[in-house]
Colleague: 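Supplied in structure tokens, the structure appears directly below.
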Amino acid sequence: QVQLVESGGGLVQAGGSLRLSCVAPGRTFSSNAMAWFRQAPGKEREFVVGIDGSGTSTLAADSVKGRFTISRDNAKNTVDLQMNSLKPEDTAVYYCAARANYNINVYEREYNYWGQGTQVTVSS
């Protein structure tokens with residue numbers, strides 16, 4: 001089973017920044033769309049940002065536009081999420097996901113591979 005591994009979560013004050021990273025050990029996703037989802041306590045998992053297989057196209061949820069940036073390095077097989085101007089409502093478990101398709105999709109069911117998640121907590 002392909003496993004994605006996230007890192008970089010933690011506790012940060014409102015207004016601060018965090019950078020999450022995702023790697024797929026032993027597997028390349030250079031032609032696959034990748035995305036970050038998040039799940040806050042008591043809420044459903046939601047799409048945050050996505051990037052296409054080549055890294056030329058990205059898509060962000062309205063709630064994070066202008067604050068979160070996704071990037072990928074296909075040579076290193078990594079996908080990063082830079083989160084700036086963090087707010088308490090960004091507190092959630094963040095998941096890295098990959099789909100068996102080049103194009104970004106906002107629906108969780110379209111993603112075939114998932115990481116275990118990393119906790120991000122933003123204090124007010």
Side-chain angles (χ1 to χ4, degrees):
Q1 175 127 5
V2 174
Q3 186 77 16
L4 302 174
V5 180
E6 304 100 336
S7 62
L11 174 64
V12 64
Q13 289 188 335
S17 298
L18 277 176
R19 188 175 184 90
L20 306 183
S21 292
C22 173
V23 62
R27 164 116 187 203
T28 180
F29 284 97
S30 59
S31 60
N32 299 74
M34 305 285 291
W36 288 92
F37 286 75
R38 68 185 181 186
Q39 186 168 22
K43 295 188 177 181
E44 294 185 352
R45 190 153 54 182
E46 63 175 0
F47 174 85
V48 179
V49 290
I51 189 165
D52 71 2
S54 66
T56 57
S57 179
T58 64
L59 179 67
D62 288 344
S63 59
V64 305
K65 277 181 182 176
R67 300 188 299 122
F68 289 14
T69 303
I70 188 171
S71 60
R72 68 188 301 161
D73 185 336
N74 284 342
K76 296 181 179 179
N77 209 28
T78 59
V79 175
D80 290 345
L81 175 61
Q82 178 66 42
M83 304 185 293
N84 298 326
S85 303
L86 282 161
K87 304 175 181 180
E89 51 263 44
D90 294 318
T91 295
V93 177
Y94 283 71
Y95 297 89
C96 178
R99 66 183 304 236
N101 191 286
Y102 180 89
N103 297 310
I104 305 166
N105 195 289
V106 302
Y107 294 104
E108 179 181 351
R109 63 178 181 267
E110 293 292 328
Y111 289 80
N112 309 88
Y113 311 103
W114 293 85
Q116 294 297 314
T118 185
Q119 178 70 46
V120 171
T121 303
V122 184
S123 63
S124 57

Colleague: Side chains of Q3 and R27, heavy atoms from C-beta outward: is any pair under 4.5 Å?
Modeller: no
Colleague: side-chain contact (heavy atoms from CB on, under 4.5 Å) between Y95 and E108: does it pass, once the steps are laid out?
Modeller: CA-CA 11 Å; Y95 297 89; E108 179 181 351; over 6 Å; no
Colleague: Decide salt bridge (Lys or Arg N to Asp or Glu O under 4.0 Å) for D62 and K65; before the verdict, give the C-alpha distance in whole Å, the side-chain angles of both, and the deciding distance to 0.1 Å.
Modeller: CA-CA 5 Å; D62 288 344; K65 277 181 182 176; 3.1 Å; yes
Colleague: Where is the tightest heavy-atom contact between A98 and M34, given as atom of each residue plus distance?
Modeller: CB-SD, 3.2 Å
Colleague: side-chain contact (heavy atoms from CB on, under 4.5 Å), that's the test. Do Y102 and S54 meet it? Break it down for me.
Modeller: CA-CA 8 Å; Y102 180 89; S54 66; 2.7 Å; yes
Colleague: Sort out for me which residue in D52, T69, I51 forms a side-chain contact (heavy atoms from CB on, under 4.5 Å) with T58.
Modeller: I51
Colleague: For T91 versus V122, what's the shortest heavy-atom pair and its separation?
Modeller: OG1-N, 2.9 Å
Colleague: I want to check something: taking the side chain as every heavy atom from C-beta on, are R99 and Y107 in contact at a cut-off of under 4.5 Å?
Modeller: no
Colleague: Give the intermediate values and the outcome of side-chain contact (heavy atoms from CB on, under 4.5 Å) for residues D90 and R67.
Modeller: CA-CA 11 Å; D90 294 318; R67 300 188 299 122; 2.7 Å; yes
Colleague: Evaluate the side-chain proximity of L20 to M83: yes if any heavy-atom separation is below 4.5 Å, no if none is.
Modeller: yes
Colleague: How close do V48 and F37 get, counting heavy atoms only, and between which atoms?
Modeller: CG2-C, 3.8 Å
Colleague: Tell me, please, which residues at least two apart from Q39 pass side-chain hydrogen bond (donor to acceptor under 3.5 Å, both in side chains).
Modeller: none
Colleague: Report yes or no: does N105 contribute a side-chain atom to a donor-acceptor pair with the main-chain N or O of E110 at less than 3.5 Å?
Modeller: no
Colleague: Do you know the tightest heavy-atom contact between I104 and L59?
Modeller: CD1-N, 3.9 Å
Colleague: Roughly how far, to the nearest 0.5 Å, is the SG atom of C22 from the CZ atom of R72?
Modeller: 9.5 Å
Colleague: If I compare all heavy atoms of F47 with all of A35, which pair ends up nearest, and what's the gap?
Modeller: CE1-CB, 4.0 Å
Colleague: Looking only at non-hydrogen atoms, find the nearest pair between Y111 and A33 and report the distance.
Modeller: CE2-O, 4.3 Å
Colleague: For A92, which residues count as a side-chain contact (heavy atoms from CB on, under 4.5 Å) partner, sequence neighbours excluded?
Modeller: R38, A40, Y94
Colleague: Grouping I, L, V, M, F, W and Y whenever their side-chain heavy atoms are under 4.5 Å apart, do L86 and W36 come out in a common cluster?
Modeller: yes
Colleague: Any pair with a residue in residues 8-22 that passes side-chain hydrogen bond (donor to acceptor under 3.5 Å, both in side chains), sequence neighbours left out, goes on the list, sorted by first then second residue, please.
Modeller: S17-N84, R19-D80, R19-Q82, S21-D80
Colleague: Assess whether atom CD of E46 is packed by more than 12 heavy atoms of other residues, nucleotides or ligands within 6.0 Å.
Modeller: yes
Colleague: When you group the ILVMFWY residues by side-chain heavy-atom contacts below 4.5 Å and let the links chain together, are L11 and V93 in the same group?
Modeller: no
Colleague: With F29 as reference, evaluate N74, L4, V79 under the side-chain contact (heavy atoms from CB on, under 4.5 Å) test and give the passing residue.
Modeller: L4
